[in-house]
Amino acid sequence: MTISSLAERLREAQHVVVFTGAGASAESGIPTFRDALSGLWDKFDPAHLATPEAFRADPSLSWGWYEWRRLKVIQAQPNGAHLAIAELAKHVPKLTVVTQNVDDLHERAGSQDVIHLHGSLHSPRCIDCGRAHTLPLPSDALPEGGCRIEPPRCTVCNGYVRPGVVWFGEMLPEGSWSVGLAAAERCDVFLSIGTSGIVYPAAELPLRALGQGATVVHVNPVRFDVSSQEHFLEGPASVMMQTLLHEAFSDHPVS
Ligand code: APR
């Protein structure tokens, strides 16, 4: 599918779903989930570090990693992809953003009601009683390579505070999943941006959209196999999304 034919589909669309993975935040300087880890964690597989077992085994190592990531997000800015996605919402009747990312760059770009399938770095909670915990800004003085940080304690039950992300082996937040799935099953265009599409159940969403007849487009600089009914825009998210938005709506100013 060419950019111009996809632009035509977007102009006709009643409901667009934008589904993002770590690649959507890559151009903001946020390492993708499967980028090799650096510093203190360079010997760890992120898939092992992002687990309840890793946290319980070494809370300070785990919490230090999440605080390092949270500081990176706070220091980052939304990129052209986040901004184009936020702008797209002004041109289509309904746009649903469903992200696997735990950063808040979609929100900071102006997207509303973002669905976080894998939680957020900004919503820590007590690992025992579940009470939400308010975090101060992480110290700017965190070493670039990261460090161990003792997790804070719950002010009510004194349990450890854990990151508000979905770890491997944990269930997705029920509400987020059902809203994301309903959007995939109703949309007419599904843009899958910057995801390797290997982690389920999130990776099921493009397939559900395809199954009900939506136009499914993958945006990624690294081409991977997709079915003959799916489309692929090979390139970085910021360039592809800005180009697509311009092609679709540049002479259709927001009414
Ligand atoms: N623009 C678009 N895509 C990009 C860019 C870019 N500038 N740079 C990298 N990518 C692509 C990579 O080619 C890769 O396909 O982003 C994808 C990132 O893949 P992963 O690192 O696997 O991240 P993601 O797909 O989001 O992982 C899904 O798995 O581990 C869990 O919870 C974690 O949310 C994460 C989920």
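For this chain, numbers begin at 1 and follow the sequence in order.
Summarising the geometry of Trp167 relative to Ser62, their closest heavy-atom pair is CZ2-OG, 4.2 Å, with the distance given to 0.1 Å. Between Ser227 and Leu210 the shortest heavy-atom distance is OG-CD2, 3.6 Å. The two atoms that bring Val161 and Pro124 nearest to each other are CG1-CB, 3.7 Å, heavy atoms only. Residues Trp63 and Pro163 come closest through the heavy atom pair CZ3-N, 3.6 Å.
Between the His116 side chain and the Asn101 main chain, a donor and an acceptor come within less than 3.5 Å of each other. Side chain of Thr51 to main chain of His48: a donor-acceptor pair is present (N/O by atom type, distance under 3.5 Å, no hydrogens or angles). A side-chain donor-acceptor contact under 3.5 Å links Ser178 to the backbone of Gly175.
If you run side chain to side chain contact (heavy atoms under 4.5 Å, CB included) between Val98 and each of Val17, Val18, Thr20, only Val17 comes through.
By the ring-ring contact (aromatic ring centres under 6.0 Å, His included) test, Trp68 pairs with Trp41, sequence neighbours left out. Every residue two or more places apart in sequence or in another chain was checked for a salt bridge (Lys or Arg N to Asp or Glu O under 4.0 Å) with Glu53, and none qualifies. In terms of the ring-ring contact (aromatic ring centres under 6.0 Å, His included) criterion, residue partners of His106 (sequence neighbours excluded) are, by chain and number, His82.
Residue Arg125 places its CZ atom among more than 12 non-hydrogen atoms of other residues, nucleotides or ligands, all under 6.0 Å distant. Heavy-atom neighbours of Arg131 CZ from other residues, nucleotides or ligands within 6.0 Å: at or below the threshold of 12.
With no hydrogens or angles considered, no side-chain donor-acceptor pair links Ser25 and Ser28 at under 3.5 Å.
For residues 101-124, the pairs satisfying salt bridge (Lys or Arg N to Asp or Glu O under 4.0 Å) are Asp104-Arg108, with sequence neighbours left out. The side-chain hydrogen bond (donor to acceptor under 3.5 Å, both in side chains) contacts involving residues 181-192 comprise Glu185-Arg208, where partners must be two or more places apart or lie in separate chains.
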Contacts table for residues 235-245: side-chain donor-acceptor under 3.5 angstrom, sequence neighbours left out:
unit_1	atom_1	unit_2	atom_2	d
Ser238	OG	Glu27	OE1	2.3
Gln242	NE2	Gly80	O	2.8
Thr243	OG1	Val239	O	2.6

Check the pair Ser60 / Glu150 against side-chain hydrogen bond (donor to acceptor under 3.5 Å, both in side chains), numbers first and verdict last. CA-CA 4 Å; Ser60 298; Glu150 176 75 6; 3.1 Å; yes
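Using a 4.5 Å heavy-atom threshold, the side chains of Val16 and Arg9 count as separate.
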